[in-house]
> 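So that we are looking at the same thing, I have put the structure below in structure tokens.
FYI, side chains are in, hydrogens and waters are out, and symmetry mates aren't considered; it's all heavy atoms of this structure. Throughout, a chain's letter reflects where its sequence line sits, starting with A, and its residues are numbered from 1.
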There are 2 protein chains.
Amino acid sequence: MNVKNVKYKNQGIHAIAAIFTIENGEISVLLIKRKREPFKGKWILTGGAVYNDENVDKGLKREIKEKTGLTDLYFEQFGVFSEPKRSPMLRMIAITYVALVDIKNANIIKETSNTLNAEWFNINDIPKLGYDHEEILDKALEYLKKIILKSDIVKVLLPKHFTMPELQKIYEMLLNKKIDRRNFRKKLLNLGLIEETNYENLGRVGKPPKFYKFKDVITEKNIL
Amino acid sequence: MNVKNVKYKNQGIHAIAAIFTIENGEISVLLIKRKREPFKGKWILTGGAVYNDENVDKGLKREIKEKTGLTDLYFEQFGVFSEPKRSPMLRMIAITYVALVDIKNANIIKETSNTLNAEWFNINDIPKLGYDHEEILDKALEYLKKIILKSDIVKVLLPKHFTMPELQKIYEMLLNKKIDRRNFRKKLLNLGLIEETNYENLGRVGKPPKFYKFKDVITEKNIL
DNA sequence: CCAAAAGTGTTCAGCCTACACCCATGC
DNA sequence: GCATGGGTGTAGGCTGAACACTTTTGG
């Protein structure tokens, strides 16, 4: 069946993710450079059009894989951008996501049939973006800060076994503020997302840290 | 420009609202009965396809007005439903909303060119719905309970001047639990959304209540 | 004066913040 | 033994929950 009513013909869905990672102690976001019009040569967030046989999550995964090679990331939907003119030519509605990926697993494909380049940009040094992606990026960062204490989303940024100071650094970077060591430990243990392990790793300066891991089973109570 | 790639041709956007009100001390949701296939004769939530020159909010407002006559309601977007088969025939993605309306202003159009009927249904007595609207309704109720303490959304359900017990009854109905009178008063006043007025209204049994109103200016701090 | 409805205050528990000293290791 | 980095506890303020009596009106 084809759409006949011209009032809502030729609409499409964009699934768009602000993919974040932590690199050299700073938050970066992955941008891709467009190969075609519109916005040819401009940097944009990762994403693209959802196919008819996909739900939006699946379309996003496929687009990310096609345009960056990334397959193993955590993502969460946070918004809808639907101004009629947000995309020139076709009417596209964007379903937007925050995603996190571990830089160590992040082997980025630089060029594809649709993209000229892909690069991590420090979030304090973002170029002008195509479409309405600057607005989407702003909202994504805001959302990330809001959910970071209510989910185990940071899991992907850490090795299986990690220490409190390692975990704390990630929160400090994402939230962009200093946190008290004692309070942080109490809070995180209280949240019930992580548990101590008997993993050990000596050979470093200073008192050896305890190691923790994210619990395998996250109960309802944990993730609000 | 027309879509050529068949993989994402003929997609469309549904804006769909679970419109709630409080009637005889119970929560009701507005359902409309479809006049055409698919789901001809079935009850569904209010909504329809977004036009090309509208953002989703605007499309929702238009659809609600066309199909129910309602113009003055509070609504908030909460989700996206995108399973490929959620709508038979055309591939439609649903952007979903919670809406609230004051029953006293709710003069419902019963039949339109697209609908056979429109009626309020007690949420404990919902018929089988078309599309995936049962799932949407469940999620909408869940969302409503979550935001009710963080926004002035209940404003539309109350007269300009209202008493604490009146306000409390609405919260108790929406949250479906008893709340302690003293704690409720402290909490609501603390939230800073409402303020006392010198409105008076005697002639009722019992000690005369104080009247309150929602503040005209809601500051950033108030709505988290 | 009595029935009905509204107003009010205290205590306890849990959570957040601020803050300083001790401990185990490598060199 | 000393430098480095990690671990730990306590006190004050805020928030949410539990709980019972007094006040004002209409009839």
> For A:Leu188 and C:dC16, give me the distance from atom CG to atom P, rounded to whole Å.
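Between P of C:dC16 and CG of A:Leu188: 11 Å.
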> To check you understand the geometry: which heavy-atom pair defines the closest contact between A:Leu100 and A:Val154, and what is its length?
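What the structure gives for the nearest pair is CD1-CA, 4.2 Å.
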> Using the rule given for salt bridge (Lys or Arg N to Asp or Glu O under 4.0 Å), can you reason through A:Glu135 versus A:Lys139, listing the C-alpha separation, both sets of side-chain angles and the distance that settles it, and then say yes or no?
CA-CA 6 Å; A:Glu135 189 189 349; A:Lys139 292 277 164 49; 3.8 Å; yes
> Report the residues that fulfil side chain to side chain donor-acceptor pair (under 3.5 Å) with B:Asp102, sequence neighbours left out, ordered by chain and then residue number.
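Per chain and number, B:Asp102 pairs via side chain to side chain donor-acceptor pair (under 3.5 Å) with B:Lys104.
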> Any protein N or O atoms within reach of nucleotides 9-13 of chain D? Criterion: under 3.5 Å, listing atom names and distances.
unit_1: D:dT10; atom_1: O4; unit_2: A:Lys186; atom_2: NZ; d: 2.7

> Distance check needed: D:dG6 P versus A:Glu196 CD, whole Å only.
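Going from CD in A:Glu196 over to P in D:dG6 covers 15 Å.
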> Which residues within residues 164-179 of chain A lie with some heavy atom under 4.0 Å of an atom in DNA chain C?
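Residues of residues 164-179 of chain A under 4.0 Å from DNA chain C: none.
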> So which protein nitrogen or oxygen atoms get under 3.5 Å of nucleotides 14-16 of chain D's nitrogens or oxygens?
unit_1: D:dG16; atom_1: OP1; unit_2: B:Lys187; atom_2: NZ; d: 3.3

> Only counting residues at least two apart or in another chain, list the ones meeting side-chain contact (heavy atoms from CB on, under 4.5 Å) with B:Asn55.
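side-chain contact (heavy atoms from CB on, under 4.5 Å) check on B:Asn55 returns A:Ser82, A:Glu83, A:Pro84, B:Asp57, B:Lys58.
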> Rounded to the nearest angstrom, tell me the gap between atom CG in A:Leu189 and atom P in C:dG14.
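Distance, rounded to whole Å: 17 Å.
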> What residues form a salt bridge (charged side-chain N to carboxylate O under 4.0 Å, His left out) with B:Asp132, not counting sequence neighbours?
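Partners of B:Asp132 by the salt bridge (charged side-chain N to carboxylate O under 4.0 Å, His left out) criterion, ordered by chain and then number, come out as B:Arg86.
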> Grab the NZ-P distance between A:Lys210 and C:dT25 for me, whole Å please.
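Roughly 13 Å, once rounded to whole Å.
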> Can a side chain N or O of A:Arg185 be found less than 4.0 Å away from OP1 or OP2 on D:dT8?
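Looking at the OP1 and OP2 atoms of D:dT8, one of them is under 4.0 Å from a side-chain N or O of A:Arg185.
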> How close do A:Val29 and A:Ile126 get, counting heavy atoms only, and between which atoms?
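Minimum heavy-atom contact is CG1-CD1, 3.5 Å.
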> Salt bridge (Lys or Arg N to Asp or Glu O under 4.0 Å): which pairs involve residues 19-33 of chain B, sequence neighbours left out?
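For residues 19-33 of chain B: none.
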> A:Ile147: what forms a side-chain contact (heavy atoms from CB on, under 4.5 Å) with it, not counting sequence neighbours?
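Once residues adjacent in sequence are excluded, the partners of A:Ile147 under the side-chain contact (heavy atoms from CB on, under 4.5 Å) criterion are A:Glu76, A:Tyr143, A:Ile153.
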> Ignoring hydrogens and geometry, is there a side-chain-to-backbone donor-acceptor pair from A:Gln11 to B:Ile13 under 3.5 Å?
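A pair under 3.5 Å: yes.
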> I'd like to check the side-chain contact (heavy atoms from CB on, under 4.5 Å) partners of A:Lys187; sequence neighbours left out, ordered by chain and number.
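If we apply the side-chain contact (heavy atoms from CB on, under 4.5 Å) test to A:Lys187, skipping adjacent residues, the hits are A:Leu149.
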> Output all residues satisfying side-chain contact (heavy atoms from CB on, under 4.5 Å) with A:Asn201, sequence neighbours left out; order by chain, then residue number.
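Result, side-chain contact (heavy atoms from CB on, under 4.5 Å) vs A:Asn201: A:Tyr199, A:Arg204, A:Phe211.
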> Tell me every residue that passes salt bridge (charged side-chain N to carboxylate O under 4.0 Å, His left out) with B:Glu172, counting only those two or more places apart in sequence or in another chain.
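B:Glu172 satisfies salt bridge (charged side-chain N to carboxylate O under 4.0 Å, His left out) with B:Lys178 only.
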> Between N or O atoms, less than 3.5 Å apart, protein on one side and nucleotides 23-27 of chain D on the other: list the pairs.
unit_1: D:dT24; atom_1: O2; unit_2: B:Lys207; atom_2: N; d: 3.0

> Does A:Lys215 use its side chain to pair, donor to acceptor, with the backbone of A:Ile194 at less than 3.5 Å?
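Pair absent, no side-chain N/O of A:Lys215 close to backbone of A:Ile194.
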> Just the rounded figure in Å: distance from C1' of D:dT4 to CZ of A:Arg181.
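Atom-to-atom, A:Arg181 to D:dT4, this comes out as 11 Å.
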